[in-house]
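In what follows, residues are counted from 1 in the order of the sequence shown.
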Amino acid sequence: MRTERPEPEHLSNDADGDRSARRAVTVFPVLVLLAGALGLLFPGGFTGWSESVPYLLGVVMFCMGITMTPEDFRGVVKRPWAVALGLVAHYVIMPGLGWAVAHLLDLPPQLAAGVILVGCAPSGTASNVVTYLARGDVALSVSVATVSTLVAPLVAPPLTLLLAGEYLPVDAGSMVTDILKTVLLPVLAGLAVRLLAGRHVERALPALPWLSAVTISVIVAVVVAGSADAIKSAAAMVFLAVVLHNGLGLALGYGAGRLGRLGEPASRAMAFEVGMQNSGLAASLATAHFSPLAALPAAVFSVWHNVSGAVTAAWLSRRGR
C-alpha cells in the first residue's frame, strides 16, 4: 500500500500525517485479514477470478507510480551508497532467507517456491509508511523502494530461477514479461500522469492508499479461495515460514544499516525496506507461474508483514524518544 508521502523534513512534527499513517497500517491488515477469511469461507464466490489478479496488481502499481515525484529519483543521486546498500541488502537477504526457511522447514515444493518468490519480490508498498512511524529515514526508504521496484524485472526472475528451480520449473523469461506488464509499465504510466497532470492528481492522492488497500485485499481473497482446500493442512507451516522470513529480514536489514554506518534513522529504514515485500506481486506471479497453493505464503505475508511492521515501528519510535 503506497501512501501520499509528506516531505521528510516535516515528518517528525506532522501530527496529522502521523495519525493518517497509523490509521493506514492498522486498517490495511484488517482489510486483508477479512478478505482472506472471505476467500476461505466462500471460495466458490471467486471462481474464475484468478485471471484478474495481474490486472488488479497493475492498479496497485499505477497508484504507486502516481505517488512518485522527481525528488524520489534525486534522492538516489544524492545518496548512491546508501541506496545501493539497501538494494543489495534487499535482494540478497530476503531471497536467501526464503531459500533457507524453505530448507529448514522442509516445505513441500509448491510452498517452498512460494516462500522463495516472496523473498525475490521488490520492497513492500507500505514500507515507507512504517518507516515514518518508526521515525526512520523516509527519504532513503522511498528511494530504495523505488529503485527495487524499477529493477525487479531484471533481478527477481533470475533469482527465482536460481533458488526455486530445484523445487519447480521456472520460466524466467515469461516472468520478466509479466513483471514488465504488471509492475514497471503501470508504475511508469502513473509517474507520467503525475508529471503531466500534477495539479489535478493532487486532489486524488489521499484516496489512493485506500484504493490500493482494497485492491490488494481482493487479490488476497482470490488467492486464498484458490487454495482453500489446502489451507487447513498447511496454514500453521506457512505462518511459521512467514514469521521467520519476515522477522529475520527486519533484523538483518537493520543490521546491514548499522554495519554500513548509515546511522540510526537510515538503519530503521533499511529494516523495513529489507523485511517488507511486495507480496501482491509475489501472489500474482505464484498464481500465474506455479499454482494457487504456491501463492499462499504471499497471501499470509500480506497480512503479517504489516502487523509486524507496525509493532516494530511502535517499539522503535518509543525507543527513539
**Complete:** Correct closest heavy-atom pair for Ala89 and Met270 would be CB-CE, 4.0 Å
**Request:** Check step by step if side-chain contact (heavy atoms from CB on, under 4.5 Å) holds for Tyr254 and Arg268.
**Result:** CA-CA 6 Å; Tyr254 179 84; Arg268 295 182 183 190; 4.3 Å; yes
**Request:** Verify, without hydrogens or angle tests, whether Ser217 (side chain) and Ala213 (backbone) share a donor-acceptor contact under 3.5 angstrom.
**Result:** yes
**Complete:** Members sharing Val92's hydrophobic cluster, built from side-chain contacts under 4.5 Å between Ile, Leu, Val, Met, Phe, Trp and Tyr, are Val88
**Message:** Is the shortest side-chain heavy-atom distance between Val223 and Leu296 below 4.5 Å?
**Reply:** no
**Prompt:** How about Leu168 and Gln110: do any of their side-chain heavy atoms sit closer than 4.5 Å?
**Reply:** yes
**Message:** Show, in sequence, the C-alpha distance, side-chain angles and deciding distance for Thr149 and Val187, and conclude whether the side-chain contact (heavy atoms from CB on, under 4.5 Å) test is met.
**Reply:** CA-CA 9 Å; Thr149 299; Val187 166; 4.2 Å; yes
**Asked** If you measure from CD1 on Ile179 to CG on Leu154, what distance do you get to the nearest 0.5 Å?
**Response** 9.0 Å
**Side-chain donor/acceptor of Ser279 to backbone N/O of Ala282, under 3.5 Å** = no
**Message:** Leu180 and side-chain contact (heavy atoms from CB on, under 4.5 Å): which single residue from Val183, Thr182, Val176 fits?
**Reply:** Val176
**Asked** Nearest 0.5 Å, what's the CG-CG distance between Leu117 and Leu163?
**Response** 11.0 Å
**Asked** Is Leu185 reachable from Leu150 through a run of I, L, V, M, F, W or Y residues, each pair having side-chain heavy atoms under 4.5 Å apart?
**Response** no
**Item:** Cluster link Val222 to Phe42, ILVMFWY, side chain under 4.5 Å
**Value:** yes
**Request:** Might you work through the side-chain contact (heavy atoms from CB on, under 4.5 Å) test for Gln277 and His90, ending with a clear yes or no?
**Result:** CA-CA 9 Å; Gln277 300 294 91; His90 179 85; 2.7 Å; yes
**Item:** Atom pair CG (Leu57) and CG (Asn278), whose distance is rounded to the nearest 0.5 Å
**Value:** 6.0 Å
**Asked** Which pair of non-hydrogen atoms, one from Phe290 and one from Pro169, has the smallest distance, and what is that distance?
**Response** CE2-O, 3.6 Å
**Request:** Group every Ile, Leu, Val, Met, Phe, Trp and Tyr by side-chain heavy-atom contacts under 4.5 Å, then state whether Val311 and Phe272 land in the same group.
**Result:** no
**Request:** Measure from the side-chain N and O atoms of Asn128 to the backbone N and O of Val138, and report whether any donor-acceptor pair falls under 3.5 Å.
**Result:** no
**Intermediate values then yes/no, side-chain contact (heavy atoms from CB on, under 4.5 Å), Leu107 and Tyr167** = CA-CA 10 Å; Leu107 296 177; Tyr167 293 102; over 6 Å; no
**Prompt:** Which pair of non-hydrogen atoms, one from Pro297 and one from Val242, has the smallest distance, and what is that distance?
**Reply:** O-CG2, 3.7 Å
**Prompt:** If you round to the nearest 0.5 Å, how far is CG of Leu105 from CG of Leu244?
**Reply:** 6.0 Å
**Request:** Mind listing the closest non-hydrogen atom pair of Val115 and Ala241 along with its distance?
**Result:** CG2-CB, 4.2 Å
**Asked** Which residues satisfy the ring pair (Phe, Tyr, Trp, His ring centres under 6.0 Å) test with His305, sequence neighbours excluded?
**Response** Phe301
**Asked** Looking only at heavy atoms, what is the nearest atom pair of Gly249 and Ile93, with distance?
**Response** CA-CG2, 4.4 Å
**Item:** Apart from Val30 itself, residues in the same hydrophobic cluster as defined by side-chain heavy atoms under 4.5 Å
**Value:** Leu34
**Heavy-atom side-chain contact between Val274 and Met94 under 4.5 Å** = yes
**Prompt:** For Ala283, does its backbone N or O pair with a side-chain atom of Thr287 as donor and acceptor, under 3.5 Å?
**Reply:** yes
**Item:** Residue among Asp171, Asp178, Thr160 satisfying side-chain hydrogen bond (donor to acceptor under 3.5 Å, both in side chains) with His289
**Value:** Asp178
**Request:** Determine whether Leu259 and Leu248 fall in the same hydrophobic cluster, where Ile, Leu, Val, Met, Phe, Trp and Tyr are linked whenever their side-chain heavy atoms lie under 4.5 Å apart.
**Result:** no
**Request:** Please confirm whether the backbone N or O of Val142 pairs with a side-chain atom of Thr146, one donor and one acceptor, at under 3.5 Å?
**Result:** yes
**Asked** Where the side chain of Ser127 meets the backbone of Met276, is there a donor-acceptor pair that is under 3.5 Å apart?
**Response** no
**Prompt:** Would you say Val224 and Phe46 make side-chain contact, with heavy atoms under 4.5 Å?
**Reply:** no
**Item:** Ser302 OG to Leu31 CG distance, which is reported to the nearest 0.5 Å
**Value:** 12.5 Å
**Prompt:** Rounded to the nearest 0.5 Å, how far does CG of Leu191 lie from CZ of Phe62?
**Reply:** 10.5 Å
**Item:** Shared hydrophobic cluster, Leu293 / Phe239 (ILVMFWY, side-chain heavy atoms < 4.5 Å)
**Value:** yes
**Prompt:** Given side chains that start at C-beta, do those of Leu111 and Val238 come closer than 4.5 Å, heavy atoms only?
**Reply:** yes
**Request:** Assign the ring pair His103 / Trp99 to parallel, tilted or perpendicular, where the plane angle (0 to 90°) is split at 30° and 60°.
**Result:** tilted
**Request:** Look only at the side chain of Ser148 and the backbone of Ser123, and say whether a donor-acceptor pair between them is shorter than 3.5 Å.
**Result:** yes
**Message:** Side chains of Pro108 and Met237, heavy atoms from C-beta outward: is any pair under 4.5 Å?
**Reply:** yes
**Request:** Please report the shortest heavy-atom distance between Ala112 and Ala102, naming the atom on each side.
**Result:** CB-CB, 3.8 Å
